Amino acid sequence: KATLTYPGGEYEMGISKATEGNDGIELGKLLATTGYTTLDGGFVNTASTKSAITYIDGDAGILRYRGYPIDQLAKESSFIEVSYLLIYGELPTSDQLEDFTDRIRRHTLLHEDLKRFFDGFPRNAHPMPVLSSAVNALSAYYQDSLDPFDPEQVELSTIRLLAKLPTIAAYAYKKSVGQPFLYPDNSKGYVENFLRMTFGLPAEPYEADPEVINALDMLLILHADHEQNCSTSTVRLVGSSDANLFTSISGGINALWGPLHGGANQAVLEMLDRIKDEGGDSADFLRRVKNKEDGVKLMGFGHRVYKNYDPRAAIVRETAHTILQKLGSNDELLEIALKLEEAALADDYFVERKLYPNVDFYTGLIYRAMGFPTRMFTVLFALGRLPGWIAHWQEMHQDPAGKIGRPRQIYTGYTEREYKGV
Ligand code: MLT
């Protein structure tokens, strides 16, 4: 039998010894290969997967969807085109795009009963659990599109999700601010309709600024896929049990909600606000980061995959300039962000650790300038990530070797205990 030594004691494959201090957590932190199996708590590094959707080279800072560079797609395509590309593997022809857009447009309404579902939540409900619950509830309302092995049903649930998520997201927001819901206006584009349902009021006509529409469309493209991270592998794992698409996507939304995943841009804004409140001295803040002062952390820098500049961050930085200027929003925070970035990139401490700004560094500033409260930031991320999740769920089902997901477990508890009653 292979024996593995770890901080909590010794472990033999197949027979575990419960030693003092070993509650599984110590061992869980350790990555070790015994020759039989590899211990990697929570698929941190070793679980290998394959996919033909998104290519990332973290060292070179490259990100491509289906082979096309992200910066080109962000500048020249629309979010709907990119959604088509991710899901079907090719950029649409103009006829295909028209047909796809038209099919989405026909499904934007929510069933009137589903609208009442929102009434069951408290007024101060965070929009994320409302979003994931309503998406899961689609499985109850659309029972004619739940079969993962019927291509027509998969297509219908795909279109329904793309069409209804902006409506659900806007209603989750309206619910949280106590305003009435607006029906979708299908004469408007995808993003424009979402902005109108979010910020419009029944008595006041709402016209979204075309630059804001374009910027949000582009941000959705940048967030549309990022290979098999926490939320995407959740969607695949839930789907691997042959659960329907709606419920699998709902699982992904929940995974995204965590501050280590979708909630990171909120943490950046809080950090920038704090630097501003403390006098705006970014150099002093970096000094405190390097001294590892309690509670002083550089948020929005570094990425598990990118050991170089996150290609999305460069695009977002440019957009932050344009949108904040256009909307006359709090430039002071942008100034602090730029200074912080400049100082960090000129400092060996951060350069040696390969800490470069990531996509979360500037997005919060833009969203806030557009009028979104921080509680909506992860909702916007979910809107963007939806086509990526759908593409992964479909890809997984198309793999003939596909099996239900089941991580290999190394048991670290007691082997046998004598039960003596309470
Ligand atoms: C993302 O875009 O999903 C985030 O960067 C998280 C990640 O993939 O590591």
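As the structure is a prediction and not an experimental result, all values here were calculated from the model. Because only heavy atoms are used, hydrogens play no part in the values below, and waters and symmetry mates are left out as well, while side chains stay in. Both counts, for ligands and for their atoms, begin at 1 and track the order of listing.
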Q: May I ask you to establish whether R353 and Y349 are in a cation-pi arrangement, using a distance under 6.0 Å from NZ or CZ to the six-membered ring centre and at most 45° from the ring axis?
A: yes

**Q.** Sub-4.0 Å atoms of ligand 1 with respect to non-hydrogen atoms of H226
**A.** 1 (C), 2 (O), 3 (O), 4 (C), 5 (O), 7 (C), 8 (O)

Q: Report the relative orientation of the aromatic rings in Y309 and Y356; use parallel for angles under 30°, tilted for 30 to 60°, perpendicular for over 60°.
A: tilted

Q: Determine, considering heavy atoms only, which of R304, H303, H261 sits nearest to atom 7 (C) of ligand 1.
A: H303

Q) How are the rings of Y88 and F100 set to each other: parallel, tilted or perpendicular (split at 30° and 60°)? A) perpendicular

Q. Using 4.0 Å as the upper bound for N to carboxylate O, is an ion pair formed by R287 and D284?
A. yes

Q | Mode of R385 contact toward ligand 1 - side chain, backbone, both, neither (heavy atoms, under 4.0 Å) | A | side chain

Q: Check each of N229, V359, L260 against atom 6 (C) of ligand 1 and report the one with the nearest heavy atom.
A: N229

Q) Using 30° and 60° as the class limits, which term best fits the ring planes of F361 and F301: parallel, tilted or perpendicular? A) perpendicular

Q: Report the part of R312 (side chain from C-beta onward, or backbone N, CA, C, O) that has a heavy atom under 4.0 Å from ligand 1; answer both or neither where that applies.
A: side chain

